[in-house]
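Below: one structure, written as structure tokens.
Both backbone and side-chain heavy atoms feed into the values below; hydrogens, waters and symmetry mates do not. The chain is numbered in sequence order, starting from 1. As the structure lists them, so they are numbered: ligands from 1, and atoms in each ligand from 1.
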Amino acid sequence: MTSVPTLGPLRVAKVMARLGIAESKRTAGLGSRQRSELWNYLLNREGGVAPGRLVVMAGPTAVGKGSVSACIRENYAEIYLSVSATTRPPRPGEIDGVHYYFVRDDEFDRMIETRELLEWAVVHNSFRYGTPRPPIDAALEAGKNVLLEIDLQGARTVKGELPSAILVFLLPPSWEELVRRLTGRGTEDPADQARRLETARVELAAQDEFDYRVVNTEVAAAAREVVELTALPSHRP
Ligand code: 5GP
């Protein structure tokens with residue numbers, strides 16, 4: 001049930017309680033009344049609105065994922081951009097609830113325990129980042145297309161949980177350009193830069209796991225390409 005987009009574990013628990021079905025039941029073990037009630041629920045739950053598409057954008061460090069998602073946030077209000085929870089402190093200019101939900105470790109633990117997160121990961125060996133599932137289910141159910149900008153581990157987890165998600169890999173125009181972007185932003189010291197370049201090399205090797213690739217030569221054009229992918233029909237040719 002939870003691999004149906006829009007049906008997170010919390011909602012599944014509520015629906016199962018309403019239908020009088022134990023959560024641990026497998027479909028093969030259902031009685032005929034339970035089976036038909038569950039089937040009716042699945043057929044009728046959308047209330048006539050086609051569910052939105054879930055698109056996951058990932059890519060190597062410094063490729064410009066943040067700029068592309070900021071461009072989408074500012075110019076494409078029709079896309080629901082997921083706001084992640086993180087244990088890292090805010091940077092100057094970052095707003096709680098807009099860029100991230102900045103939470104303490106114990107709050108993040110609680111979100112994991114209550115199964116509120118679709119996925120979570122420790123990124124760059126430091127802080128935890130996770131995708132709250134209830135707002136995503138609500139947006140998809142209302143017919144909105146949803147975009148997640150998360151790391152590679154997160155993208156893999158989402159595909160495992162929701163196989164209908166579309167994975168988009170953001171690429172730099174070239175390796176040299178990626179090096180230039182990483183060293184040019186001046187926020188990391190040389191040792192950290194070297195570590196991130198090594199990470200980027202490993203991350204680039206994962207591009208074949210993705211459904212689509214978008215080259216980020218120019219932010220606005222890459223953002224448009226990603227948005228266009230959300231409008232594609234459900235099944236790739
Ligand atoms: P930053 O701290 O620079 O905003 O983000 C660091 C990394 O965390 C980026 O690669 C970003 O894609 C990733 N990230 C942001 N939110 C999430 C999330 O909810 N889940 C996962 N797995 N990664 C995330």
What residue and heavy atom of the protein are closest to [atom], and at what distance?
atom	result
atom 10 (O) of ligand 1	K65 NZ, 2.8 Å
atom 16 (N) of ligand 1	S84 OG, 3.1 Å
atom 11 (C) of ligand 1	E149 OE2, 3.3 Å
atom 20 (N) of ligand 1	E119 OE2, 2.7 Å
atom 2 (O) of ligand 1	Y129 OH, 2.5 Å
atom 23 (N) of ligand 1	D151 N, 3.1 Å

Less than 4.0 Å between a side-chain N and a carboxylate O, is that true for [Y] and [X]?
X	Y	value
R110	E116	yes
R128	D109	yes
D208	R213	yes
E107	R104	no
E177	R180	yes
R88	E94	yes
R156	E209	yes

Could you tell me, atom by atom, which parts of ligand 1 come under 4.0 Å of a heavy atom of [X]?
X	answer
G130	18 (C), 19 (O)
R88	1 (P), 2 (O), 4 (O)
A121	22 (N)
G154	22 (N)

Spell out, as yes or no, whether a donor-acceptor pair under 3.5 Å connects the side chain of R181 to the backbone of A62.
->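 Side chain of R181 to backbone of A62, a donor-acceptor pair under 3.5 Å: no, none is there.
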Does only the side chain of [X] get under 4.0 Å from ligand 1, or the backbone, or both, or neither? Count heavy atoms.
X	answer
Y100	side chain
Q153	neither
H99	neither
V123	side chain
R91	side chain

Answer yes if L7 and L19 sit in the same cluster of Ile, Leu, Val, Met, Phe, Trp and Tyr residues linked by side chain heavy atoms under 4.5 Å apart, and no otherwise.
->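 In one cluster: yes.
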Can V83 be reached from L147 by stepping across I, L, V, M, F, W or Y side chains whose heavy atoms are under 4.5 Å apart?
->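 Cluster IDs for L147 and V83 differ.
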